[in-house]
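In this chain, residues are counted from 1 in sequence order.
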Amino acid sequence: MGKKKASDIVVQLFENWGIDHVYGIPGDSINTMVEALRKKQDKITFYNVRHEEVASMAAAAYSKLTGKIGVCLAIGGPGAIHLLNGMYDAKMDHVPMLALVGHISSKLTGTDYFQEVNTYELFKDVAVYNKDITSAESFPTVVNQAIRTAYQEQGVAVISISDDIALQEISDQTPQLSTLFERKLPGLIENDLVEAVKLINEAEKPVILAGVGTKHAKKELAAFAEHISAPVAITLPGKGVLPDEHENFIGNIGKIGTKPAYEAMKSSDLLIMVGTDYPYNAYLPDQAKGIQIDINPVKMGKRFSIDVGIVGDAAAALSWLTEHSEYVPERQFLKICQKNMATWNGWMEEDLAKTNTPIAPQAVMGAIQDIAEDDAIFSVDVGTATVWTTRYLKVKNQDFIISAWLGTMGCGLPGALAAKQAFPDRQAIAICGDGAFSMVMQDFATAVQYNWPIIVVVLNNRQLSFIKYEQQVVGQLTYAIDFQDIDYAKFAEACGGKGFRIEKYEDLKPAFEAAKTAGVPVILDVTVDVDAAPLPGKIVMDEAKGYAKYEMNSIKENHKLEKMPPMKDVVRRFL
């Protein structure tokens, strides 16, 4: 029986679990683990990013795209703190992550030493598994359990390890730990399914709300919707679970959603929620019965009063309901929804056809659509970019990822890095506002370093435009939302990539076509109309009152009327 460093045994355990890469930044309190990774670099690649937040955001995005555990690494203290944003993104979007965090020497713990942070307390809220390593002998076993728990609970596991412990030698028999794992899901209860079928057969105006929990059940969702002739609305992270051009599709709900989805919800007599914990109940039906399908029983009836809860896998539940419910060849309610959606799509086509300069952000979405490959991965940032992409990009077979529940700005670039690393043969497009991109822009250099030819589209309006809208809609005057201009195209060139500065509409198409074939990381810096307003799909009375208050406050304080969106667009969404 021989001995090996605990760090080497843990890295072997990573390999046994199928972990083939780690994002992070090395440093004194984690360098023994980095050294172990160096010795295994033919099996596990260490990607050295520029900021630890990007490491954790990329790990979360990798997990969203693949279902595999994302792994990130940082020193203790400041490095550990920087990881938190991506860790919360993984927690709130329910994907598995392992964070390996350094710690000061075990002999100095508790002495208020340089960079000492109580990492256990720091990560207590974000983690489903959170352990400080107290002995080299327990290190592999704890890591094994951390990975297993992250997968089962679909959350973040954190291991804090002092470098001196990782350096110690232990028996080389320790890695004989089982990595066999199958996530256990609750089985369907037939009585619940039978009760759901009764409600479905009785309903005249059923609406399906599909979330990210149906991403693995796209065929089953489409078959069920077609079988009962029901319209399908989607949540933000659920974009792509049903093709945008499917005849039953009525778009997103909420402020970023469509007017047809809002109207369908408000007139529905049965809401069928599948794989979603949608938080904004104001956009759900006021008077309707409810069915909810989710793998987590805790979520049943959390947002909407339901009559039947089906705990289990969405694909299995939808297949059963399709088989046992009555076939409805056509439904008048669906026809009305389809007519409304055709009108909405006509409005969207008008926007996409805008050829003015300053460039309309909607026209940029059209340019993206023109170059997007059938299996492209869209990594979308938070802000007005979210509105334009969800509303104007037609997703069919592509993947669409975003920081859905945390809603953190700066997620677009890390998501594209992870996409290109995970799927090198697929096109990866990040779509960001300038405010969000400038938070993490340093890691465009990471794409250059590792030869990941991503395309980053920056909607550059030199302001925090979604925050401007948030201020206006409650009647506040806009404040502290403006930036000085940055030429992101020149920045791309300085990093070793390629950049295009696009200021005129006629330059849009040639630049995007050149970016598609560049073969290197590209930034498309598009100066877009600062007055393009991300209007809600349906403007409700409180929002109308807020805009009116905003204008009155402007007259009172600035002695002028502010420029408002075109009256045609406002009236369409209000009436």
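- No side-chain heavy atom of Asp294 sits under 4.5 Å from any side-chain heavy atom of Val311.
- Donor-acceptor pairing under 3.5 Å is lacking for the side chains of Asn397 and Asp375.
- Between the side chains of Asn252 and Thr390, not a single donor N or O lies within less than 3.5 Å of an accepting N or O.
- Residue-environment remark: NZ (Lys205) stays at or below the threshold of 12 foreign heavy atoms within 6.0 Å.
- Counting non-hydrogen atoms of neighbouring residues, nucleotides and ligands closer than 6.0 angstrom, the NZ atom of Lys68 reaches no more than 12 such neighbours.
- A donor-acceptor pair shorter than 3.5 Å can be found between the side chains of Asp89 and Ser403.
- Atoms OG and CD1, from Ser267 and Ile336 in turn, are 7.5 Å apart once rounded to the nearest 0.5 Å.
- Residues Val197 and His324 come closest through the heavy atom pair CG1-O, 3.6 Å.
- With hydrogens and angles disregarded, no donor-acceptor distance shorter than 3.5 Å links the side chain of Asp381 to the backbone of Cys432.
- Using modelled atom types and a 3.5 Å distance limit, the side chains of Asp434 and Ser438 yield no donor-acceptor pair.
- Taking every heavy atom of both residues into account, Ala58 and Ala418 meet most closely at O-CB, 3.3 Å.
- Checked against Leu209 for a side-chain contact (heavy atoms from CB on, under 4.5 Å), the options Ile234, Leu271, Thr214, Val232 give a single hit: Leu271.
- In plain terms, the two heavy atoms of Lys266 and Leu284 that are nearest each other are NZ-O, 2.8 Å.
- For Ile189, the CD1 atom sits in a loose shell: 12 or fewer heavy atoms of surrounding residues, nucleotides or ligands are nearer than 6.0 Å.
- In Lys339, the NZ atom is not crowded: 12 or fewer heavy atoms of neighbouring residues, nucleotides or ligands sit closer than 6.0 Å.
- Between Lys255 and Tyr283, the shortest heavy-atom distance links the atoms CG-OH, 3.2 Å.
- Counting all heavy atoms, side chain and backbone alike, Pro358 lies closest to Val528 at CB-C, 4.5 Å.
- Residue Ser319 holds its OG atom at 10.5 Å from CG of Leu221, rounded to the nearest 0.5 Å.
- Summarising the local packing, CZ of Phe483 is surrounded by more than 12 heavy atoms from other residues, nucleotides or ligands at distances under 6.0 Å.
- Side-chain N/O atoms of Asp313 and His216 include a donor and acceptor closer than 3.5 Å.
- In this structure, CE in Met341 is found 11.5 Å from CD in Glu263, a value given to the nearest 0.5 Å.
- Between the CZ atom in Arg148 and the OH atom in Tyr129 there is a gap of 11.0 Å [rounded to 0.5 Å].
- Annotation: ring pair (Phe, Tyr, Trp, His ring centres under 6.0 Å) contacts involving residues 385-419, sequence neighbours excluded, are absent.
- Remark: Asp93 engages Lys64 in a salt bridge, criterion side-chain N to carboxylate O under 4.0 Å.
- Between Asp277 and the options Lys299, Arg303, His94, a side chain to side chain donor-acceptor pair (under 3.5 Å) holds for only Arg303.
- In this structure, Glu121 places its CD atom where more than 12 heavy-atom neighbours from other residues, nucleotides or ligands lie under 6.0 Å away.
- A side-chain donor from one of Glu226 and His246 sits under 3.5 Å from a side-chain acceptor of the other.
- Looking at every heavy atom in both residues, Ala376 comes nearest to Gln398 through O-CB, 3.0 Å.
- Every residue was checked against the salt bridge (charged side-chain N to carboxylate O under 4.0 Å, His left out) condition with Asp529, not counting sequence neighbours, and none meets it.
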Intermediate values then yes/no, side-chain contact (heavy atoms from CB on, under 4.5 Å), Arg391 and Trp344: CA-CA 10 Å; Arg391 197 168 283 170; Trp344 174 267; 3.7 Å; yes

